[in-house]
Amino acid sequence: MKTIIEPFRIKMVESIKMTTREQREKIIKEAGYNLFLIDAKDIIIDLLTDSGTSAMSDLQWAGIMQGDESYAGARSFHRFYDKVFQLTKFKHIIPTHQGRAAERILFEILANEGKFIPSNTHFDTTRANIEYNKGAAADLVIEEGKNPEAIHPFKGNIDLDKLENFINEKGVENIPICMLTITNNSGGGQPVSMENIRGTSEICKKYGIPFFLDACRFAENSYFIKMREPGYENKSCREIAREIFSYADGCTMSAKKDALVNIGGFLAMNDDDLALQARNVLIVTEGFPTYGGLAGRDLEAIAQGLDEILDEDYLHYRIRTVEYMGERLDKMGVPYLKPTGGHAIYLDAKAFAPHIPVEMFPGQAIAVELYRIGGIRSCEIGGIMFGKTDPETGQYLPPDLELVRLAFPRRVYTQSHFDYVLEVIEEVYQNRKNLPGYKFTYQAPLLRHFTAQFEIAL
Ligand SMILES: *Cc1c(COP(=O)(O)O)cnc(C)c1O
């Protein structure tokens with residue numbers, strides 16, 4: 001088989017500033033060992049997130065020039081609406097400035113004290129928006145989804161028995177909505193099967209609970225269904241995506257992922273009454289319902305991006321890039337979450353650095369070292385992001401997984417960039433026994449990973 005090449009040519013370039021190890025040692029220390037607090041100019045390969053970091057196409061940039069900036073009823077809104085409607089068939093499509101704005105509006109209406117919102121795994125902003133409104137977020141992913149070594153084609157699936165038990169235990173009246181994150185970002189970018197989406201939809205229908213998708217990576221999820229789920233091998237990813245949306249009553253979407261843009265999102269739904277309430281909140285905090293906090297040009301870029309993302313040559317190259325990284329890591333013996341998911345490699349920090357106890361954040365130790373050695377920015381997805389303290393006992397409650405996510409911006413880096421990343425990981429892995437643990441010197445009450453400060457724990 002021949003190398004699967006990037007299915008695009010480069011028309012514009014952005015230079016990368018090289019730094020030395022001495023410079024990086026100083027930079028990371030000054031940033032309180034928090035990679036979020038390092039300036040982008042001091043990063044060589046930025047794998048912090050795949051969110052809003054895509055390279056836009058010539059046609060998207062052409063759309064930017066055609067943006068209609070009218071306050072109400074702009075042509076660009078209609079182009080955006082038509083594209084999202086063709087794909088999702090949801091009746092109400094409300095643009096928002098990004099995914100969390102859609103979440104905030106939805107949960108301001110639906111999540112309050114005494115309400116429970118189940119999902120496979122809530123993403124961090126989703127969970128934060130539910131908790132901010134005093135609701136309770138529950139993660140009901142299948143057991144395989146919690147085991148980094150377990151091989152399962154759809155590790156992002158929700159446990160349908162657990163979901164039904166959960167509904168009966170908490171009471172239907174206390175569950176205003178059920179979500180599924182596709183692909184399951186916090187669970188390792190793992191896909192959810194069509195069967196599981198359909199099953200979730202059936203349970204929700206049985207109990208009269210609205211079923212919403214967190215659809216950020218719907219195209220990557222569709223590609224996995226095509227590759228892995230019997231009966232879908234001959235369907236196009238577009239047909240698969242349409243079928244996925246057909247089972248849901250609405251969705252939240254960060255266009256910064258699978259719409260290939262740098263900003264934007266939307267909230268969509270069929271329910272008229274909920275849409276009315278959502279638009280009322282939107283007008284107060286985001287903007288008029290035909291722009292929702294975005295410029296007309298942003299809506300054009302989203303409309304075009306939603307077409308390009310379902311190009312199967314693109315999806316093939318995209319998923320193959322992640323798989324290639326996994327194959328090379330296997331050869332080095334580096335532990336990572338298996339099988340590889342859609343948008344990132346997740347190093348398994350507990351297996352990588354078993355000498356660091358979870359309360360000293362092994363994921364953070366690896367992330368800091370990847371920066372020191374190679375100027376690579378990754379993201380800890382473990383105790384710093386999701387760890388909790390028991391309010392009664394004061395005991396630290398670690399999450400199931402301690403991961404370091406290397407997320408791949410779409411259409412940005414080439415194979416040689418990824419080969420360099422592999423070389424750096426190999427060096428860090430060879431010297432893993434010397435990695436120190438970390439402890440907080442500052443933490444905020446919500447989403448603490450963004451602003452936290454650390455020191456080396458001896
Ligand atoms: C990124 C993301 C969000 C939040 O979207 P933003 O555009 O960053 O606000 C929500 N859910 C998932 C699964 C995501 O990946």
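Values in this document were obtained by computation on a predicted structure and should not be read as measured data. Counting starts at 1 for both ligands and their atoms, following the listed order. Heads up: numbering here begins at 1 and tracks the sequence.
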Would you mind checking which non-hydrogen protein atom is closest to [atom], with the distance to 0.1 Å?
atom                    : value
atom 14 (C) of ligand 1 : Lys257 NZ, 2.8 Å
atom 10 (C) of ligand 1 : Glu103 OE2, 3.1 Å
atom 8 (O) of ligand 1  : Arg100 NH2, 3.0 Å

- What is the minimum heavy-atom distance between Thr290 and Pro95, and which atoms define it? C-CG, 4.1 Å
Short list, please: which atoms of ligand 1 are under 4.0 Å from a heavy atom of [X]?
X      : value
Asp214 : 10 (C), 11 (N), 12 (C), 13 (C)
Asn185 : 13 (C), 14 (C), 15 (O)
Thr125 : 3 (C), 4 (C), 10 (C)
Phe123 : 1 (C), 2 (C), 3 (C), 10 (C), 11 (N), 12 (C), 13 (C), 14 (C)
Thr181 : 13 (C)

- Message: Gly99 versus ligand 1: do any nitrogen or oxygen atoms come within less than 3.5 Å of each other?
- Response: yes
- Task: Report the residue from Arg410, Lys257, Lys256 that forms a salt bridge (charged side-chain N to carboxylate O under 4.0 Å, His left out) with Asp50.
- Result: Arg410
- Just say parallel, tilted or perpendicular for the rings of Phe361 and Phe454, cut-offs at 30° and 60°. perpendicular
- Message: Whether Lys205 engages the ring of Tyr207 as a cation-pi pair (distance to the six-membered ring centre under 6.0 angstrom, angle to the ring normal within 45°) should be assessed.
- Response: no
- Does the cation-pi check pass for Lys170 over Phe116, that is, NZ or CZ under 6.0 Å from the six-membered ring centre and within 45° of its axis? yes
- Item | Check ion pair Arg411-Glu308 (N to O, under 4.0 angstrom) | yes
- Message: Nearest non-hydrogen contact with atom 5 (O) of ligand 1 belongs to which option: Ser254, Gly189, Gly265, Ala407?
- Response: Ser254
- Quick note, salt bridge (Lys or Arg N to Asp or Glu O under 4.0 Å) partners involving residues 259-271, not counting sequence neighbours, are none
- Can you list every pair that meets salt bridge (Lys or Arg N to Asp or Glu O under 4.0 Å) and has a residue in residues 236-249, with sequence neighbours left out? Arg198-Glu243, Arg238-Asp307
- Query: Applying a 4.0 Å heavy-atom criterion (strictly less than), which segment of Lys256 is in contact with ligand 1: side chain, backbone, both, or neither?
  - Reply: side chain
